[in-house]
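The structure under discussion appears below in the form of structure tokens.
When reading the values below, keep in mind they use all heavy atoms of this one structure, side chains included, and skip hydrogens, waters and symmetry mates.
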Amino acid sequence: MPLHRGSTGIIQGYSTFYSDRIQPMPMQDKYTPADIERAAQTHWEKTGAARAVEDSTKPKYYCLSMFPYPSGKLHMGHVRNYTIGDVLSRFHTMLGFNVMQPMGWDAFGMPAENAALANNVPPAAWTYENIDYMRTQLKSLGFAIDWERELATCTPEYYRWEQWLFTRLYEKGLVYKKLGTVNWDPVDHTVLANEQVIDGRGWRSGALIEKREIPMYYMKITAYAEELLTELDNLPGWPEQVRLMQKNWIGKSTGVRFAFPLADNADEKLWVFTTRADTIMGVTFVAVAAEHPLATRAAANKPELAAFIEECKKGGVAEADIATMEKKGMATGIYVSHPLTGQEVEVWVGNYVLMSYGDGAVMAVPAHDERDFAFALKYNLPIRQVVAVDGETSFSHEAWAEWYADKQRGKLVNSGKYDGLGYEAAVDAIATDLSAMQLGEKKVQFRLRDWGISRQRYWGCPIPIIHCKTCGDVPVPDDQLPVVLPENVEITGAGSPLAKMPEFYECKCPKCGGDARRETDTMDTFFESSWYFLRYACPDNTTTMVDERVQYWCKGGIDQYIGGIEHAILHLLYSRFFTKLMRDVGLIGDLGEPFANLLTQGMVVAPTFYRDLDGGKKQWINPADVDVVTDEKGRPTGATLKADGLAVVIGGTEKMSKSKNNGVDPQSLIDQYGADTARLFIMFASPPDQSLEWSDAGVEGAYRFLRRLWKTTYDHVQAGLVTACTSSDGLSSAQADLRRKLHQTMGKVADDYGRRKQFNTAIAAVMELLNAFDKCDLKDTAGRALAQETLESIALLLFPIVPHIGQALYVELKPGQDAGTQAFPKADPAALKQDEIELMVQVNGKLRGSIRVAAEADKASIEAAALTSEGAVKFMEGKAPKKVVVVPGRLVNIVV
RNA sequence: GCCCGGGUGGUGAAAUCGGUAGACACAAGAGACUUAAAAUCUCUCGCCUUUCAGGUGUACGGGUUCAAGUCCCGUCCCGGGCACCA
């Protein structure tokens, strides 16, 4: 894959001294991570260990980690993400799969523009430098990545294909233009991202942000809403949580869409959607969004309404802002007729009504909707009860009660011919009547909105459209693609630089040849990340977007996808959407869902510390610069800055971020202890799907464990290599116990890596094994063979997590052998056999002792043994057992 | 506000299908080795008590069960997402 610079391949300049050392020099007595890591990495480079080649004779395993944004250097979340991916990749290689683990760069985005503003570097130069540095960091962590498949989304070789796809979708009507709402900074004259709006003000200018409507391009994701929803049920390899989040996001609701004819002109209608059509007789007003045409019309001759609408347009466009702000409204003076009663109902403008959902208007039933109730109380609007629940207290017009909105138990009242009907019957009857009047019908409504992809920013993929006065919007023809983003620009923070570059936007219309203007908006960066995983299958193809190799790697879905839980909705939904779009455009056949198995790793969090500055701002202080004072129980009581010894405030524990200055640099960890310690610690600290609370303590422990493993293996190698034990015959009983534990551990670790994806418990199991190993006398011949078997196995069991030391130890134990190409250790059933087992004895559910019984003892003899055991006799106090519960292999509970 | 998670010792955590709560580590304390320190090794380590034993304990309050960290109902607290951050 040609990149603009820093193209990949063999690491240059590494010493070849260690690379030929498959046959080792005498083993060093000290664990020296720098040396063994360099040696192992050089060896893998030379042997092409991570190269992925299509091979129909082996089952494939495509292991994908979410590609990083090249922000400058790796952060702890990256290390966690890619270590998980690497463990699974290496484990599956050892299981005999043909593994592909690719890597690339999600290289467009705002931080590059922010950096350009701060440091006066063009975003492209900044991005490519970051990529070069971060690639080196990834390599130093020893990930088995096929670097020949590397891609960066900011290269024309990549983004030309999404421009191509865009023009196809535009022709099919799956991309279209309409007005969209953006945050407008009136001082900087620029559009701001939600992230750049802090407390309703622009992040740079401090100006109050306004909502503004501008033309934007949209992807018709709603056309796929139903499929995106139903396919969620075919994703057993996804966390239930993520499927539920997507389900709620798509938000299918069935209800009724109906119209209120305007009172003074029945031909004109105000359409609304409701899931509570049963309460239609309780409508006392209608509320529309500030952007609704009726609101605009009413405001034309009502200055105070116009002012209110302007006020509604202040503040952010984020749903959270809208939901938490005070609900306000104003009457328009426009009346509509109730479709069933003909009664006049006033139209209000409400700041809580979203123009982007449904028709931008809602019927209001204060009696049976909590928000409407509060609104009616505030503005003295009528409240009309139309649903009653048997056995509930009488309806109060002053205070809301939960049962008012109960659609399970409710029966209609005060609703004429609908009285007595329950929710479903009432909705059916009302929908039928509205339909007969041609004023409405049942409708499925999705919360999912079409995806606005236009960004008024520079560092992104140019939208391939040409605006012509005579021909309108014309897609850029294939032979003029790609529309290359100019890379040497000045970023000023006010507006897009592209809109100030006539050499970019001045062009000819491809249809009529007349003067035309090129679109200067770029695409949402989610566009790039919605299909990169398909491009990894064929990154070198210069003639098509994707080719048949996608079938090999992606058929049935990518085998494992790993990434942050923060992407649970948008990125994963858009990627699923793209896979279906590309199928329908005929690009990839039917692969099914793109990600068969999904692992959402938790965030890496750390404590925050700060000092209050003037003007309500906070100065965030890095945890590394702080001493935490604790009481005698270790609870933190305060913190001081190392530099001046004065107090700082302890903030919450939050995701590591630049803005909170609570990041810990993984590089310092790697420099000090090596990649294996970093990998081991991060996998040991908590299970992958939970958030990982960072603490420097513990890293030392991981390093100590590796040192101890090294020393233990060294001592064994010094005493001379022997052939590994293959049977428990001739072992002492303590040795047989150790061998049983060894084989139990093999099963446990394979299950933890493969099925459970709980790496912390796998590591703990190996630690237990090493503890047992140290306690066992292995000096005799049989013991030496068992030691050989155990140490060889440990090197392989840990290899996926700590591959460098795993490789080095294995080479010492089995000269000439390569750990990464060995089969993963498999438990021998014969070694697991046990003659006698221990069962716990409970009396009334409390632990009172234990018994040892033969492994195949029957229930009666277990009961007898339990009833006569010392603890049972003592606590039964001579009473007769009422019941005895035997849980095989676990315990006996005697109830007296 | 809505949606989704989480809450277990001084700390990170384990307990996989309702069956021994605290595995494995970190920190701390005591001891051994050492001229000394580091490293290493051994032991102690939820809380309470009358300590060769017993009580109690998984955010809080209820419930189901022979048995609940685990299941059910309610409450509190913490974290994440909410469509232009990636």
Side-chain angles (χ1 to χ4, degrees), chain A residues 66 68-69 71 106 108-111 180 182-183 191-197 216 239 241-242 244-245 248-249 251 317-325 327 352 356 371 448-449 451-457 524-526 529 564-571 573-574 602-603 605 630-636 652-655 681 684-687 689-702 704-705 707-708 711 748 751-752 755-756 758 760-761 763-768 771 774 838-842 844-847 850 882-885 887 889-895:
Chain A
M66 288 182 187
Y69 178 79
S71 53
D106 190 13
F108 276 137
M110 260 196 339
V182 295
N183 302 304
V191 174
L192 296 184
N194 282 341
E195 186 189 59
Q196 298 172 313
V197 180
M216 305 205 301
Q241 175 203 159
V242 175
L244 186 60
M245 283 165 84
N248 290 337
W249 187 259
V317 298
E319 186 185 315
D321 298 336
I322 293 160
T324 49
M325 71 192 172
K327 308 288 176 288
Y352 62 94
S356 50
R371 195 170 49 182
L448 183 69
R449 311 202 292 260
W451 171 21
I453 55 161
S454 292
R455 297 290 179 271
Q456 300 68 40
R457 261 177 279 283
D524 180 1
T525 58
F526 273 120
S529 57
I565 181 72
E566 67 273 21
H567 293 292
I569 298 173
L570 290 183
H571 163 62
L573 188 67
Y574 293 151
M603 276 158 302
V605 299
T630 55
D631 63 16
E632 70 279 2
K633 292 209 166 178
R635 295 190 187 97
T653 300
E654 292 183 58
K655 181 180 173 179
F681 172 70
F684 183 56
S686 61
D689 55 348
Q690 274 179 38
S691 64
L692 185 154
E693 201 166 318
W694 185 261
S695 78
D696 292 326
V699 174
E700 191 72 40
R704 195 151 47 209
F705 172 74
R707 234 169 20 204
R708 184 173 148 219
K711 178 70 165 47
K748 161 83 177 155
D751 188 46
D752 278 352
R755 180 181 63 90
R756 299 182 67 211
Q758 293 265 304
N760 53 334
T761 48
I763 296 166
V766 176
M767 285 174 166
E768 265 188 80
N771 290 345
D774 275 353
E838 188 175 32
L839 297 180
M840 295 302 126
V841 177
Q842 295 181 338
N844 288 339
K846 286 191 180 178
L847 185 64
S850 65
K882 282 186 202 152
K883 186 173 180 180
V884 180
V885 182
V887 183
R890 293 214 176 253
L891 56 72
V892 184
N893 188 13
I894 302 164
V895 186

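Within the 4.0 angstrom heavy-atom criterion, no nucleotide atom of any strand lies near A:Tyr352. A:Arg371 comes within contact range of no nucleotide atom at all, as no heavy-atom separation falls under 4.0 Å. At the heavy-atom level, A:Ser691 lies under 4.0 Å from the strands shown only through sugar-phosphate atoms. Residue-level contact check: A:Lys327 touches neither bases nor backbone, having no heavy atom under 4.0 Å from any strand.
For the P atoms, the distance from B:rU11 to B:rA27 is 15 Å, rounded to whole Å. Here the separation of B:rU42 from B:rC24, taken at their P atoms, is 13 Å to the nearest Å. B:rU58 and B:rG63 are spaced 15 Å apart, taking the P atom of each and rounding to whole Å. Using C1' as the reference atom, B:rC33 and B:rC43 are 15 Å apart when rounded to the nearest Å. Nucleotides B:rA39 and B:rG46 place their P atoms 25 Å apart, quoted to the nearest Å. Comparing the same atom, P, in B:rU40 and in B:rG57 gives a spacing of 39 Å after rounding to whole Å. To the nearest whole angstrom, the two P atoms, one in B:rG62 and one in B:rU70, are 14 Å apart. A distance of about 12 Å separates the P atoms of B:rA37 and B:rG31, rounded to the whole Å.
Using bins of under 30°, 30° to 60° and over 60° for the plane-to-plane angle, the ring pair A:Tyr574/A:Trp451 lands in the parallel bin. Relative orientation of the A:His571 and A:Phe526 rings is parallel, given thresholds of 30° and 60° on the angle between their planes.
Here B:rU11 presents its P atom at 17 Å from CZ of A:Phe684, a figure rounded to the nearest Å. When the P atom of B:rA14 is taken as reference, atom CD of A:Glu768 falls 14 Å away, rounded to whole Å. The separation between A:Leu692 atom CG and B:rC78 atom P is 22 Å, rounded to whole Å. Atom-to-atom, CH2 of A:Trp249 to C1' of B:rC4 comes out at 12 Å; the value is rounded to the nearest Å. One can place CZ of A:Phe681 at 11 Å from P of B:rA27, the figure rounded to the nearest angstrom. Atom-to-atom, CG of A:Asp752 to P of B:rA23 comes out at 17 Å; the value is rounded to the nearest Å. Following rounding to the nearest Å, A:Arg708 (CZ) and B:rA39 (P) show an atom-to-atom distance of 16 Å. Remark: C1' of B:rU40 and CD of A:Glu700 are 13 Å apart, rounded to the nearest angstrom.
With distances taken from any side-chain atom of A:Pro687 to the nucleotides B:rA13, B:rC26, B:rU20, the minimum falls on B:rA13. Closest approach to the A:Val885 side chain among B:rA83, B:rC4, B:rG19 is made by B:rG19 (side chain taken as heavy atoms from C-beta onward). Closest to the side chain of A:Gln690, from the set B:rA86, B:rA14, B:rG12, is B:rA14. Across B:rA83, B:rU20, B:rA27, the shortest atom-to-atom separation from the side chain of A:Leu847 is found for B:rU20. Distances were taken from every side-chain heavy atom of A:Leu244 (C-beta onward) to each of B:rG5, B:rA86, B:rG80; the shortest belongs to B:rG5. When distances run from any side-chain atom of A:Met245 to the nucleotides B:rA27, B:rC4, B:rA83, the shortest one goes to B:rC4. When each of B:rA13, B:rC4, B:rA83 is scored by its nearest atom to the side-chain atoms of A:Arg449, the top-ranked nucleotide is B:rA83. With B:rA13, B:rA86, B:rC4 as the candidates, the nucleotide lying closest to the side chain of A:Ser686 is B:rA13. Taking every side-chain heavy atom of A:Lys883 into account, B:rC66 is the closest of B:rA86, B:rU16, B:rC66. If you check B:rG79, B:rA86, B:rU40 against the side chain of A:Met603, the one that comes closest is B:rG79.
Across the interface with RNA chain B, nearest-nucleotide mapping of A:Ala764 and A:Asp689 shows A:Asp689 to be the residue nearer the 5′ end. Looking at which nucleotide of RNA chain B each of A:Tyr574 and A:Val242 is closest to, the 5′-most match is held by A:Val242.
Regarding contacts with the backbone of B:rA25, a side-chain N or O of A:Asn771 is found under 4.0 angstrom from either OP1 or OP2. Residue A:Arg455 places no side-chain N or O under 4.0 Å from the OP1 or OP2 atom of B:rA86. Distances shown here put every side-chain N or O of A:Thr761 at or beyond 4.0 Å from the OP1 or OP2 atom of B:rA14. Checking the phosphate oxygens (OP1, OP2) of B:rA25, no side-chain nitrogen or oxygen of A:Asn760 falls inside 4.0 Å. Distances shown here put a side-chain N or O of A:Arg756 below 4.0 Å from the OP1 or OP2 atom of B:rA15.
Residue A:Arg890 places no side-chain atom within donor-acceptor reach of the base of B:rU20, judged by atom type and a 3.5 Å distance cut-off alone. No hydrogens or angles were tested; on distance alone, nothing pairs the side chain of A:Lys846 with the base of B:rU56 as donor and acceptor under 3.5 Å. In terms of polar N and O atoms assigned as donor or acceptor, the side chain of A:Asn893 comes within less than 3.5 Å of the base of B:rC66 in a complementary pairing.
The structure places CD of A:Gln241 at 8.5 Å from CG of A:Leu244, a figure rounded to the nearest 0.5 Å.
Of the nucleotides present, none pairs with B:rC85 by Watson-Crick or G-U wobble criteria with both distances under 3.5 Å. Across all strands shown, B:rC66 forms a Watson-Crick or G-U wobble pair with B:rG19, both key distances being under 3.5 Å. Nucleotide B:rG31 is matched to B:rC41 when pairs are restricted to Watson-Crick or G-U wobble geometry with both distances under 3.5 angstrom. Across every strand in view, B:rG12 sits in a pair with B:rC24 that passes the Watson-Crick or G-U test at under 3.5 angstrom. In this entry B:rA59 has B:rU75 as its Watson-Crick or G-U wobble partner, both defining distances falling under 3.5 Å. In this entry B:rA53 has B:rU49 as its Watson-Crick or G-U wobble partner, both defining distances falling under 3.5 Å.
Counting only heavy atoms from C-beta outward, the side chains of A:Val887 and A:Leu839 never approach each other to under 4.5 Å. A heavy-atom distance below 4.5 Å is found between the side chains of A:Arg708 and A:Asn771.
Nearest approach of A:Ser686 to A:Ser691, heavy atoms of both residues: OG-O, 3.6 Å.
Other residues, nucleotides and ligands contribute at most 12 non-hydrogen atoms within 6.0 Å of the CZ atom of A:Arg890.
For B:rC17, the base is syn relative to its sugar; the glycosidic angle is within 90° of 0. Base orientation for B:rG80: anti, the chi torsion being more than 90° from 0.
Across A:Asn893, A:Val892, A:Ile894, a single residue satisfies side-chain contact (heavy atoms from CB on, under 4.5 Å) together with A:Val885, and that is A:Asn893.
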* Go through the steps for A:Asp689 and A:Gln758 under the test side-chain contact (heavy atoms from CB on, under 4.5 Å), then give the verdict. => CA-CA 9 Å; A:Asp689 55 348; A:Gln758 293 265 304; 4.3 Å; yes
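With no hydrogens or angles considered, a side-chain donor-acceptor pair links A:Asp752 and A:Thr761 at under 3.5 Å.
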